[in-house]
Amino acid sequence: MTRRPSDFLAASEHVSRRGFLGAAAAGAAVAGFAEDMTVLDVLKNPVIAAEIKKQQKHVILLWLAGGASQLETWDPKPGRPTGGPFMPISTNVPGVEISELLPKMAGRMQNTAIIRSLSTGIGDHGGGASLMETGRRKEQGLQYPDLGAIIARELGRTDSQVPDYVSFYTSTEGRRKGTSGFLGARFAPMFLSDSMIPPNIRRLEAVSDVDHKERADLRALLARRFTQGRDSRNNVLGSHTSAYQRVRGIMASEKLFSIDDEPTAVRDKYGPTQFAQQCLIARRMVEAGVPFVKVARAWWDSHGQNFETHQELCADLDHSMSTLLDDLQERGLLKNTLVITLAEFGRTPKINASLGRDHFANAWSTSLSGCGIKGGSVYGKTDADGQNVAEGKIGAGQLFATIFKALGIDHEKEYFIGARPLPISDFGAQPIDAVLA
Amino acid sequence: MAADPKQLKLAKNVGSQGIAFGLDRVPESDRIFYGSSDFKVYEYDFGAAKPVSTVFEGEGHQSYVTTVALAGKTVVSGSYDRRLVWWDTETRKQVRVTKDAHGKRIRRVAASPDGKLVVSVSDDMDVKVWDVASGELKATLKDHKPMTPHNYPSMLYAVTFSKDGKWLATADKVGHIVVWDVATGKKLKTLESPAMYTWDPRQRRHSIGGIRSIAFSHDGKLLAVGGIGKIGNIDHLGGPSRIELFEWQAGKKLHQLEDAKYKGLVEQIAFSPDGGWFIVAGGDHNGFISVYETKSGKLIKQEKAPMHVHQFVVNEPHDTVYAVGHHRLATWELKAPAPKKDEAKKDEAKKDGEKKK
């Protein structure tokens, strides 16, 4: 297996990963981007906007927290005892059917691939979430970064004035903050749990902008002196400094988190639910250069009344996801934005006594839309009742390798902790080329 | 033999074809018809020597059969497939299918006492009145909102006729109740039962409750609705079963009863003929059947059911309950005990004495 050069965590970033700044044609404009904190205003500059669209890739992860049912979404089993009451519907891709609960998505499958053969083996919320967030099982003494942190590191820009990893999780059940693990705090998520706008990002009125800049300069001076003579590969020091460097940019990005500036017609398209509005903010962030946005919609854990739950939540997913895909497409962003639906696991084919479905990690589904994806493709197959994977069984590692490859990230790339190589995909995991463009 | 709610006890308990959701019964018999999760309608005679579930023949349904209603010799079934199918009870064959009877899933059908009308309710939030003989749609009644206050699709679960056939009552997911005049289709009264709407705005941001059952007292003065109370963990049906009683014409709530011992949804309610007590049944992972005194709201008798009960009907003397549920069919009896021999003789002697006087 051919490996790329070692990528030590504390080493300076590869220029190739920071292609945005290296783009000579847009160089002057990019300097303006860095100076001006009002990112969306900067995006009005067509040169910069075009360059961002051209080069940067993004991920929007729609996290269906609690575990959505594959039978009521991407892998219906009509007429089977396990199938439930909902019928399959044809999509705009001949031969591909999904649940009738996703009618809008059924008309937009040309940009979406379905994987129906996830078999991940962990059926508890904490363990399942950890596995599907990091793409591998936990390892004693080593904290792996989650997908958002890896994408932030691989696709983020060193001088970005916007966050690299934003995570919305406003329900309280099953809330997990995400982790940047050994990548350090620089790639940790901006975690929004109480409001769609980050709290405390406004400058205090008592502190003038000049004072604020001077304070930042003083802090930077002290930090530089502190780090002089210390190990330059010390990740903690690096994280600490970079976090401060980004504060001013984030303080100026409040507008990113507000949909008030969006035209009424756009807001109306997304609609009034919180999930839809968070999807709209995710689009704004992608447009402004944020590499990874996670929007968690809780809580799909339908042990009781699975069908009532999915009628409610699938309506939200179907409308929000299809509107998001349309919006990205119309803005020319979809080809560079990968939209993923994922959860910690799926749900049991067996229907329990309160018409619920329980946790099920043996055979379940995910979807990938947009960037690098072969639209309309379906990979893997479950048996007649959805109990087992019949064809194409994959685990979390292969899914992550697929995501990386779709984004143009070397799925065999390694990080190093000291001398120990740690591949960004789980050991030996290969991408599923059948769903890649 | 008179009914005595204190004597409530399980009499029969057998397996069903699939999950049995809705039933109706042939008057003065032990024959029931039920709709199943296998998309079919069955007949089952509890009184037969060796009863079996016998399937009805025809094109039928393409999804769960959630409800059936007997109108004369016609069974009308409704389904998640939006169809109404009309069956002949004697031949057990399909006589008519009304495709696209509703725009969304059909939750319940109810037959008028004279058997001339059938009413269906659906998640399209329409109440539709059908002529049984012709299958013609006679009226569409609208008052239930399609979206919940939190902008999610609402659901219209419950419908019932009054015993005299004059009124119709419907109830939905957010606890909105409407009483209609059957003759004119006019709305007579609305009531609200917001506690039945179990929206959880903080932990899980969804709801699974709603009013699932509704019944008039035989004199038409009382209206009872059933569902579930506040759910701590909305992943499960982990809230108290809940009943609310109204003097509907006055808009006055008489009782709101919650039972934390037997949790889950109240799926069906039936008043005794004199209105003195009423039966409820439903469940969560388990099932229950309970009898309450109407005036006081006190629990008279309660039993764990062998399944989550989806629906029941009661016979004419009100001493036998026929129920369907999660893969099971069951009956309960509430028969007053026969008087002992000595007491019977005393009664006879007393009667003789009265005659001589």
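Just so it is clear, the values below take in all heavy atoms, side chains as well, and ignore hydrogens, waters and symmetry mates. Every chain is numbered from 1 and lettered A, B, ... according to where its sequence line falls, protein lines coming before strand lines.
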Legend entry - Minimal non-hydrogen separation, Q203(B) against S171(A), with atom names: O-CB, 3.2 Å
Inset, instruction - Would you mind telling me which of R175(A), R80(A), R297(A), M87(A) has the largest number of heavy-atom pairs within less than 4.5 Å of chain B? - result: R297(A)
Legend entry - Side-chain heavy atoms of L355(A) within contact of I19(B), under 4.5 Å: yes
Inset, instruction - Specify which of D316(A), I351(A), L313(A) makes the most heavy-atom pairs with chain B at under 4.5 Å. - result: D316(A)
Legend entry - Partner chain A: residue of H236(B), K173(B), H308(B) with the largest heavy-atom pair count (under 4.5 Å): H236(B)
Inset, instruction - Spell out the residues in residues 90-106 of chain A that have some non-hydrogen atom less than 4.5 Å away from a non-hydrogen atom of chain B, in order of number; otherwise answer 'none'. - result: E100(A), L101(A)
Legend entry - Note, R105(B) side chain near F86(A) side chain (heavy atom, < 4.5 Å): yes
Legend entry - Toward chain A, the part of H310(B) with a non-hydrogen atom under 4.5 Å: side chain
Legend entry - Most contacts with chain B, counted as non-hydrogen pairs under 4.5 angstrom, among T172(A), N306(A), N352(A): T172(A)
Legend entry - Segment of R328(B) engaging chain A (4.5 angstrom heavy-atom cut-off): neither
Legend entry - Worked check of side-chain contact (heavy atoms from CB on, under 4.5 Å) between L237(B) and H303(A): CA-CA 8 Å; L237(B) 287 171; H303(A) 294 285; over 6 Å; no
Legend entry - All side-chain hydrogen bond (donor to acceptor under 3.5 Å, both in side chains) counterparts of W299(A), not counting sequence neighbours: D235(B)
Inset, instruction - With rounding to the nearest 0.5 Å, note down the distance linking OH in Y64(B) to CZ in F307(A). - result: 4.0 Å
Inset, instruction - Go through the atoms of N151(B) and report whether side chain, backbone, both or neither lie under 4.5 Å from a heavy atom of chain A. - result: both
Inset, instruction - Write down the atom of G304(A), the atom of I208(B), and the distance for their closest heavy-atom approach. - result: O-CD1, 4.4 Å
Legend entry - Any D123(B) side-chain heavy atom under 4.5 Å of Q311(A) side chain: yes
Inset, instruction - In plain terms, say whether E312(A) and R205(B) are close enough for a salt bridge, that is, a side-chain N and a carboxylate O under 4.0 Å apart. - result: no
Legend entry - Heavy-atom pair with the smallest gap, counting every atom of R202(B) and T170(A): NH1-O, 3.8 Å
Legend entry - Check: P85(A) main-chain N/O paired with S63(B) side-chain donor or acceptor under 3.5 Å: yes
Inset, instruction - Return the set of residues passing side-chain hydrogen bond (donor to acceptor under 3.5 Å, both in side chains) with R347(A) (not counting sequence neighbours), or none when no residue passes. - result: D301(A), S302(A)
Inset, instruction - Among H150(B), Q62(B), M155(B), single out the residue with the greatest number of heavy-atom pairs under 4.5 Å to chain A. - result: M155(B)
Legend entry - Any residue of residues 266-277 of chain A which, by heavy atoms, sits under 4.5 Å from chain B: P272(A), T273(A), Q274(A)
Legend entry - Region of S207(B) that comes under 4.5 Å of a non-hydrogen atom in chain A: both
